[in-house]
Amino acid sequence: MRFSDDFVFGGATAAYQCEGATKEDGKGLVCWDVYYDETNGYNPDPASDFYHKYKEDIDNCVKFGINGIRISIAWTRIFPKGYGEVNKQGVDHYHELFKYAIDNGVEPYVTLHHFDTPYLFNKDGDFSNKEVEDYFVEYAKFCLDEFTEVEKWATFNEIWPWSVNQFVTGTFPPGEKYQFNKTVSNIHGMLTAHARVLNHFKDSGKEGEMGVIHSLETYYSIDDNEENIEAAKRYDAIANGLAIESTLLGEYTKETLDRVNYILEVNGFDEFKPDEKDLEEMKKAAPKIDFLGINSYQAHWMKEYKGENVHHHNGTGDKGTFESRLKGMGEEVKRDDIPKTDWDWSIYPKGLYDMIMRVSQYENCKKIYITENGIGIKEELNENNTVEDDARIDYVSKHLEAVLKANENGANVKGYFLWSLMDMFSWSNGYNKRYGFFFVDFKTQKRYPKKSAYWWKELSESKELK
Ligand code: BGP
């Protein structure tokens, strides 16, 4: 199976997970700085020290056939308070980084928000607060005017996980649980902000392409029981439906709203009634989107659940400890016949195939990038200073096969970005969940190519998936 000549063989990063330097050069506080402090969490410094070592990482891209890099701008490097005065050092830093990538033939795909809301904004309700949405739009406009060297923009990374983990699972700051109303309003605020920024981008005639990156994983029913089928559809409505419909259709369908409202109702919350003005923005934006980014790691199987909410996050890699039973949304069942990672993520490439085919049905879905896919593994360097990560090669091959099959059947996937380019830390799983092509020794900050990096180089040069 062969990739087209213009297929992007990329690697993904996110500012907070790799930059380090959280207090350097005028950077302002983000919600994680305080959350990790208060919860005795992971130290984000120096992470993979990308702030200082980006040249080495981009050089590695060149050496290993990686011709696209996802980079996010840290909002508080540009506006330390989230608004107001601009921090020139932050602006200069990103100009230098983008220039280095472009000069070396590694195209930057730049995300404006990757989970790192300024601290005070997150405290004030994040995107469930209209003022935060307004400040984000201002920050986005500034970046679009300033970084004209960038040609590929994404407004957000993963609206659903960012919202649900803040307010339902409690694994992201502010760490609240089962607040389904805030989750929905946060999702809606981000989807509206995306639409506003996209409308601005196109109306002001800026060059380049803009899209959004959604976490889009498939939810199946565990069997053909009607109630379980409905549970899977409800989970899908809140996790995928809102995002897909708002972005590609420019409205929420009645079916999706009914299911979301059922979840709200059984949890004791008021109905979700989107503001008309927000819906107008979405309607206007949907036909303008240039690409959809899909992040996908696993698939899910659901069963009806009416009891009280229980959610246990497996953040340690102790296989079998994950539990999730959410009232009105369903119980997630792990199938014995499907392989799983140590963090209980079910490996099922067909889930990605089914999702690509689903979104491809929308007329506005002109182009797709797989903006994140990959496998977290506990890894150590061997005596040859490398990692024999055959499990990663196998995982990525099977997912790429799903991508190529989807393209054969009419989809238009134009690139794939491994999460992650080099090892970095995981928000709620720490430093022992490694994803990269390059092993990072976090003590010395030295990079070591893994077996998968050599495999990737060969693949990106031959364009032939064997
Ligand atoms: C996505 C995020 C990434 C990254 C990845 C892996 O949700 O966009 O930032 O963290 O998931 O997940 P985890 O770190 O939980 O293993």
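Indexing begins at 1, ligand by ligand and atom by atom, following the structure's order.
When non-hydrogen atoms are compared, ligand 1 lies under 4.0 Å from the side chain of W345 (C-beta onward) but not from its backbone.
Nearest to atom 5 (C) of ligand 1 among the protein's heavy atoms is Y297 OH, 3.2 Å. Scanning the protein heavy atoms around atom 10 (O) of ligand 1, the nearest turns out to be Q17 NE2, 3.0 Å. Atom 15 (O) of ligand 1 has as its closest protein heavy atom N429 ND2, 3.0 Å. The protein non-hydrogen atom at the shortest distance from atom 7 (O) of ligand 1 is E158 OE1, 2.4 Å. In this structure, atom 2 (C) of ligand 1 lies nearest to the protein heavy atom E372 OE1, 3.3 Å.
Under a 4.0 Å criterion applied to the non-hydrogen atoms of W427, ligand 1 contributes the atoms 3 (C), 9 (O), 10 (O). Shown in contact with S426 at under 4.0 Å from a heavy atom are these atoms of ligand 1, numbered in order with element: 13 (P), 14 (O), 15 (O), 16 (O). Interface atoms of ligand 1 facing N157, defined by a heavy-atom separation under 4.0 Å, are 8 (O). Listed by number with element, the atoms of ligand 1 under 4.0 Å from a non-hydrogen atom of H114 are 2 (C), 3 (C), 8 (O), 9 (O).
Looking at ligand 1, you won't find any N or O of S428 less than 3.5 Å from one of its N or O atoms. Looking at K433 next to ligand 1, an N or O pair under 3.5 Å apart turns up.
Taking 4.5 Å as the limit, some side-chain heavy atom of W419 sits within range of a side-chain heavy atom of Y297. Contact check for Y135 versus V132: no side-chain heavy atoms found under the 4.5 Å cut-off. Proximity of F127 to H113: side-chain heavy atoms (C-beta onward) are separated by under 4.5 Å at one or more points.
With salt bridges taken as basic N to acidic carboxylate O contacts below 4.0 Å, none links K27 and D33. Salt-bridge check for E133 with K130: passed, with a basic side-chain N closer than 4.0 Å to an acidic carboxylate O. Look at D390 and K451 and you find a salt bridge, because one of the NZ, NE, NH1 or NH2 atoms lies within 4.0 Å of a carboxylate O, short of that distance. We find that D290 and K367 are not joined by a salt bridge, their nearest charged nitrogen and carboxylate oxygen being 4.0 Å or further apart.
Heavy-atom distances between Y435 and ligand 1 reach below 4.0 Å in at least one pair.
Using cut-offs of 30° and 60° on the angle between ring planes, the pair W32 and Y36 is tilted.
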Step by step, would you call D126 with W162 a side chain to side chain donor-acceptor pair (under 3.5 Å)?
CA-CA 10 Å; D126 209 82; W162 175 239; 2.9 Å; yes
